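Please read the structure below before turning to the comments.
Everything quoted here is computed from the prediction, not taken from an experiment. Atoms within a ligand are numbered from 1 in the order they appear, just like the ligands themselves.
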Amino acid sequence: MKHYDVAVIGLGMVGASAVYAAAGAGARVLALDAGPPGGGTSGTSFAWLNSVRKEPDVYHRLNAAGMTAHRELSRELGGDAGYHDGGSLEWADAGDEERELRERVHRLATRGYPAEWISRERASKLEPGLAIPHRVQEIAFFAADAWLDAPRLIGRLLAAAAARGADVREGKAVRFLRARGDRVEAVVVDDGDLVAQSFLVCVGPATQAFLEPLRVAIPVGRVPGLLAVTSRPAEPLRRVVHAPGIHVRPDASGGLLLGAEDVDALASNAGSPAPLPELAALLLERTARVFPAARHVKIADTRIGVRPMPGDRHTIAGRVPGFVNAWVIATHSGITLGPLLGRLLADEIVRDAPSPALAPFRPDRFLTAAATTG
Ligand SMILES: Cc1cc2nc3c(=O)[nH]c(=O)nc-3n(C[C@H](O)[C@H](O)[C@H](O)COP(=O)(O)OP(=O)(O)OC[C@H]3O[C@@H](n4cnc5c(N)ncnc54)[C@H](O)[C@@H]3O)c2cc1C
């Protein structure tokens, strides 16, 4: 039987990042995914790398550090690793929305985050295809933001890890973790057990159900979201744009990727979800108002992704409560945070070097909450 130092279960943005970092730290890594790597939420994500609406400050800083980790990783891997810089642009409806945006830009700039107001002329130079309403004289610009072709980066990370000896297996569903006392001993797959010293669970929206057999109750909800991909527009869009009622960015296919928060809610209405083609048409109509070249494109694909959403909406990263050799990462904003969290937990597992930055995000905070409320 092969001996592994670490088994990583789940190869989305988070797990693939951990596999890469652990293999880079010299560990013998077993990497498993039930399907193709990147075929979960990470393949159906808006994948905007940002820390623009991440509160409180400690969570904002974690996401900003996540953005730095992406820039470093992209330099380290070289070539096209899926990272697309250029910042993001945002404007809002007059009234409360605009006030909120002004306050947010001010707060972010005070914290040292690249956030500023630029003239509509400068915004039009950055994005000549945008039709910014005439009443909007200034646009918020977040210069360090980026977007990611996440499946591409996941592929690059796993290929690099495999070149360092990681055993990457796709189509290998883990039925459960076999434990004795406070130790996990093996992952159980259809054709037997696979043994490792340490285990890292990165199964995204499946986290809560996956940990239940270990009698570990970590609240991770499942929040669906809808994205539509269009055919290629005649005029290119270069960066992430947030306008009232729509967010849009270039898609890796050459088309546009469209989403809207209120449309997410319509798509996920459990009682009577609206038909997807109708919702995609609504997204396209809103896009054409701010990016007229979209009038001539077609919807090429409509995707529902399921966000892993921790009970208090903030990252969960650390030892599985009650076990000495098992760890878990479950997070929203996992595209922004994947490379950072993967590296921090690989350091903790392989080098026994826990990061103080993760102190507010440990899984056992839910035990404390349960104890005080129960
Ligand atoms: C519509 C939408 C928009 C979003 N926008 C953004 C954004 O702009 N920026 C951002 O940072 N984040 C965004 N997110 C959130 C982000 O996409 C997720 O937080 C992130 O993809 C989670 O990555 P993950 O690796 O944890 O999970 P996943 O990508 O879901 O990976 C988990 C993997 O585990 C595997 N798995 C599950 N169970 C098992 C098992 N039993 N055995 C083996 N393998 C298993 C699955 O096959 C899957 O490949 C968005 C999400 C959605 C849905």
A student checking ligand 1 against Pro205 at a 4.0 Å heavy-atom cut-off should list atoms 30 (O)
Measure the distance from atom 35 (C) of ligand 1 to every protein heavy atom, then report the residue, atom name and distance (to 0.1 Å) of the closest one. Asp33 OD2, 3.3 Å
Atom 10 (C) of ligand 1: nearest protein contact (heavy atom, Å): Ser333 CA, 3.6 Å
Considering heavy atoms of the protein only, find what lies nearest to atom 42 (N) of ligand 1 and give residue, atom and distance to 0.1 Å. Val174 N, 2.9 Å
Atoms of ligand 1 less than 4.0 Å from Met13 heavy atoms? 25 (O)
Give the residue, atom name and distance (to 0.1 Å) of the protein heavy atom nearest atom 34 (O) of ligand 1. Gly10 CA, 3.3 Å
Applied to residues 83-128, the ring pair (Phe, Tyr, Trp, His ring centres under 6.0 Å) test, sequence neighbours excluded, yields His60-Tyr113, His84-Trp147
Within ligand 1, which atoms have a heavy atom of Ala173 less than 4.0 Å away? 42 (N)
Value rounded to 0.5 Å, distance of OG1 in Thr44 from CG in Leu227: 7.0 Å
Within a distance under 4.0 Å of any heavy atom of Phe210, pick out the atoms of ligand 1 and give their elements. 41 (N)
So, is Val14 polar-close to ligand 1, with some N/O to N/O distance under 3.5 Å? yes
For Lys172, is the nearest heavy atom under 4.0 Å from an atom of ligand 1? yes
shortest atom 23 (O) of ligand 1-to-protein heavy-atom contact is with Ser42 OG, 3.2 Å
In ligand 1, the atoms that come under 4.0 Å of a heavy atom of Gly305 are 53 (C)
Atoms of ligand 1 under 4.0 Å from any heavy atom of Thr331, numbered from 1 in the order shown, are 19 (O)
Short version for Ile329: what comes under 4.0 Å of ligand 1, heavy atoms counted, is neither
How far is atom 28 (P) of ligand 1 from its nearest protein heavy atom, and which residue and atom name does that atom have? Thr41 N, 3.7 Å
Nearest heavy atoms of Ile132 and Ser124, plus distance in Å: CD1-OG, 4.3 Å
Among Thr331, Ile329, Leu341, Val220, exactly one meets side-chain contact (heavy atoms from CB on, under 4.5 Å) together with Ile316. Which residue is that? Val220
Hey, can you tell me if Trp48 and His242 have their rings parallel, tilted or perpendicular (30° and 60° cut-offs)? tilted
Could you pull out the closest heavy-atom pair between Val14 and Gly334, with the gap in Å? CG2-O, 4.0 Å
Quick one: which of Gly259, Gly12, Gly38, Ala34 has a heavy atom closest to atom 43 (C) of ligand 1? Ala34
Does Glu76 come within less than 4.0 Å of Arg156, counting only side-chain N to carboxylate O? no
Where ligand 1 meets Trp48 - atom numbers and elements under 4.0 angstrom, heavy-atom basis: 7 (C), 8 (O), 9 (N), 10 (C), 11 (O)
Interatomic distance, Asp96 atom CG to Leu101 atom CG [nearest 0.5 angstrom]: 12.5 Å
Which ring pair (Phe, Tyr, Trp, His ring centres under 6.0 Å) pairs, counting each pair once, include a residue from residues 2-27, with sequence neighbours left out? none
Taking all non-hydrogen atoms of both residues, which atom of Val263 and which atom of Leu279 are closest, and how far apart? CG1-CB, 4.0 Å
Any idea which heavy atoms bring Ala280 and Thr302 closest together, and the distance? CB-OG1, 3.9 Å
Should the pair Lys125-Glu121 be classified as a salt bridge under the 4.0 Å nitrogen-to-oxygen rule? no
Given Ser45, Ala18, Gly15, Gly43, which has its nearest heavy atom closest to atom 6 (C) of ligand 1? Ser45
What part of Cys202, side chain from CB on, backbone N/CA/C/O, both or neither, has a heavy atom under 4.0 Å from ligand 1? backbone
Are the charged groups of Arg111 and Glu55 less than 4.0 angstrom apart, N to O? yes
Nearest non-hydrogen protein atom, atom 3 (C) of ligand 1: Phe46 N, 3.3 Å
Atom 27 (O) of ligand 1: closest protein heavy atom, distance to 0.1 Å, is Gly204 CA, 3.5 Å
